[in-house]
**Student:** 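I have a structure I would like to understand better, so I am pasting it below and will then ask my questions one at a time.
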Amino acid sequence: MRDLQDPHDLHAFIAGLPKAELHVHHVGSASPRIVSELAARHPDSRVPSDPEALADYFTFTDFAHFIEVYLSVVDLIRTPEDVRLLTYEVARDLARQQVRYAELTITPFSSTRRGIDARGFMDAIEDARKAAEAEFGTVLRWCFDIPGEAGLESAEETVRLATDDRLRPQGLVSFGLGGPEIGVPRPQFKPYFDRAIAAGLHSVPHAGETTGPETVWDALTHLGAERIGHGTSSAQDPKLLEHLAERRIALEVCPTSNIATRAVRTLDEHPIREFVRAGVLVTVNSDDPPMFGTDLNNEYAVAARLLELDERGLAALAHNAVDASFLDEPGKARIKAEIDTYTAAWLAS
Ligand SMILES: Nc1ncnc2c1ncn2[C@@H]1O[C@H](CCC(=O)c2cccc(C(=O)O)c2)[C@@H](O)[C@H]1O
Ligand SMILES: [Zn+2]
């Protein structure tokens, strides 16, 4: 029998565990190698092309600084070929971590406003999605998010791209809202979420990452949120936790991200334990992994430490992500069976 307490064993277990990733940003997943390649293609950019210098560049003083740096990486993506390369390489990185299914948050407004043709953009992500599924066996789905701080013009353009039958990509399953929350009230986006929901998309806004629990209530009440991106500040409101638990509204928790953007001071102060204690459906995710020096496997290791999980606990966490995903029922059953088979074989070895 294996020693459940051995951290080396636990890391090896996590590395092979089949997983689903529900909260990861497209541009925010660009590996140092891809950033360097794009920076070399576009030498006028201020993003360092040397992978060593990138680690420094990806050290943030606060959330606003993070968004500023994030947008400088967005500026590196200028052609449909850049979009295809990024998407395909992100899928490869996910597959290496045994991610079987991922919902990737994409901000198409940021690309179309920078002059990438909408048709070319959609073809690029779809082409990469199909190649990734065929070559790596990783199923990708898209969440198109509004960059809220860019205003209602960005909301209009995002909902147009998400609902126009001639443009809407096959892999699109959900509609989101990201960027800074301070000074960007959620209720103003209600008409856009209503249109996206009417077109059959799921609602998954970020909320309660950098503002209080009232923003999470707003996301539930006005935007029809079915899951919440982060939702960190929900811990301050017991009624909200009860509501989330009762309705099975999952939180997409991204622990390392919250430290890197300084939304939470230290990992030990992260409210993930309170969420679990309150019976909330918790999923663990990576957000913008290379920018935060993490990956999904590391987030599972962080969760294992904070929640004192052994292999069975980690398998249950992986189940949560599959349950909270927008995959169809046979797809969910297949990945959960894979998780169970892997875990049983590991424990028996
Ligand atoms: N942890 C995060 N929490 C929240 N969001 C995160 C996180 N990580 C990544 N994002 C992404 O950042 C984008 C923000 C982009 C943005 O604010 C903006 C503002 C003005 C102009 C433009 C432009 O493109 O011209 C963009 C969001 O849409 C979201 O997809
Ligand atoms: Zn996010």
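Heavy-atom basis, side chains included; hydrogens, waters and symmetry copies ignored. Just follow the structure's listing: the first ligand is 1, and inside any ligand the first atom is 1.
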**Student:** So, Asp82 side chain and Thr79 main chain: donor-acceptor pair closer than 3.5 Å or not?
**Tutor:** yes
**Student:** How close do Ser203 and Gly224 get, counting heavy atoms only, and between which atoms?
**Tutor:** CB-O, 3.3 Å
**Student:** With the Zn ion (ligand 2) as the reference point, give the N/O/S atom of Asp287 that is nearest.
**Tutor:** OD1
**Student:** Using a 4.0 Å cut-off to any heavy atom of Asp145, which atoms of ligand 1 qualify?
**Tutor:** 27 (C), 28 (O), 29 (C), 30 (O)
**Student:** For the side chain of Gln188 and the backbone of Lys190, is there at least one donor-acceptor N/O pair under 3.5 Å apart?
**Tutor:** no
**Student:** What residue and heavy atom of the protein are closest to atom 4 (C) of ligand 1, and at what distance?
**Tutor:** Gly179 N, 3.2 Å
**Student:** Under 4.0 Å from a heavy atom of Ser110: give me the atoms of ligand 1 that qualify, with their elements.
**Tutor:** 23 (C), 24 (O)
**Student:** Mind checking whether the Zn ion (ligand 2) has an N, O or S of Glu209 under 2.8 Å?
**Tutor:** no
**Student:** Tell me: protein heavy atom nearest atom 12 (O) of ligand 1, and distance?
**Tutor:** Tyr70 CE2, 3.5 Å
**Student:** Out of Ala150, Pro180, Ser257, whose heavy atom sits nearest atom 17 (O) of ligand 1?
**Tutor:** Pro180
**Student:** How many angstroms lie between CG in Leu172 and CD in Glu126, if you round to the nearest 0.5 Å?
**Tutor:** 9.0 Å
**Student:** For the backbone of His42 and the side chain of Ser45, can you confirm whether one donor and one acceptor N or O come within less than 3.5 Å of each other?
**Tutor:** no
**Student:** Indicate, with yes or no, if the rings of Phe109 and Phe144 have centres closer together than 6.0 Å.
**Tutor:** no
**Student:** With under 30° as parallel and over 60° as perpendicular, where do the rings of Trp346 and Phe13 fit, or are they tilted in between?
**Tutor:** perpendicular
**Student:** Aromatic rings His25 and His206: how do their planes relate, parallel, tilted or perpendicular, breaks at 30° and 60°?
**Tutor:** tilted
**Student:** For a quick test of reading the model, state the closest non-hydrogen atom pair linking Gly176 to Cys143 and the distance between them.
**Tutor:** N-SG, 3.7 Å
**Student:** Does at least one non-hydrogen atom of Val74 fall below 4.0 angstrom from an atom of ligand 1?
**Tutor:** no
**Student:** Can Asp44 and Arg78 be said to form a salt bridge (charged side-chain N to carboxylate O under 4.0 Å, His left out), step by step?
**Tutor:** CA-CA 12 Å; Asp44 58 313; Arg78 302 190 185 171; 3.2 Å; yes
**Student:** Which of the numbered atoms in ligand 1 are under 4.0 angstrom from any heavy atom belonging to Thr107?
**Tutor:** 28 (O), 30 (O)
**Student:** Any N/O/S atom from His25 (main chain or side chain) under 2.8 Å of the Zn ion (ligand 2)?
**Tutor:** yes
**Student:** Among protein heavy atoms, which lies nearest atom 8 (N) of ligand 1, and at what distance?
**Tutor:** Asp288 OD2, 2.6 Å
**Student:** When you measure from atom 25 (O) of ligand 1 to every protein heavy atom, which one gives the shortest distance, and what is it?
**Tutor:** Arg113 NH1, 2.7 Å
**Student:** Can a side-chain donor-acceptor contact be found between Glu157 and Thr112 if the only test is distance below 3.5 angstrom?
**Tutor:** yes
**Student:** Would you mind running through ligand 1 and noting each atom that sits below 4.0 Å from a heavy atom of Phe63?
**Tutor:** 3 (N), 4 (C)
**Student:** Do Thr294 side-chain atoms and Pro289 backbone N/O form a donor-acceptor pair below 3.5 Å?
**Tutor:** no
**Student:** For atom 15 (C) of ligand 1, what is the closest protein heavy atom, and at what distance to 0.1 Å?
**Tutor:** Pro147 CB, 3.7 Å
**Student:** Would you check whether Phe66 reaches within less than 4.0 Å of ligand 1, judged by its heavy atoms?
**Tutor:** yes
**Student:** Could you tell me the residue and atom name of the protein heavy atom closest to atom 6 (C) of ligand 1, and the distance to it rounded to 0.1 Å?
**Tutor:** His25 CE1, 3.6 Å
**Student:** Tell me, please, if His230 has any N/O/S atom, main chain or side chain, under 2.8 Å from the Zn ion (ligand 2)?
**Tutor:** no
**Student:** Identify, by atom number and element, the atoms of ligand 1 in contact range of Arg114, meaning under 4.0 Å from any of its heavy atoms.
**Tutor:** 23 (C), 24 (O), 25 (O)
**Student:** For atom CZ of Arg247, is the number of surrounding heavy atoms from other residues, nucleotides or ligands below 6.0 Å larger than 12?
**Tutor:** no
**Student:** What do you reckon, does Thr261 put a non-hydrogen atom under 4.0 Å from ligand 1?
**Tutor:** no
**Student:** If hydrogens are left out, which of His23, Glu181, Met291, Glu209 has an atom nearest to atom 2 (C) of ligand 1, that is, the closest non-hydrogen atom?
**Tutor:** Glu209
**Student:** For ligand 1, which atoms sit closer than 4.0 Å to a heavy atom of His230?
**Tutor:** 1 (N)
**Student:** Considering non-hydrogen atoms of the protein only, which is the closest contact for atom 26 (C) of ligand 1, and what is the distance?
**Tutor:** Leu71 CD2, 3.5 Å
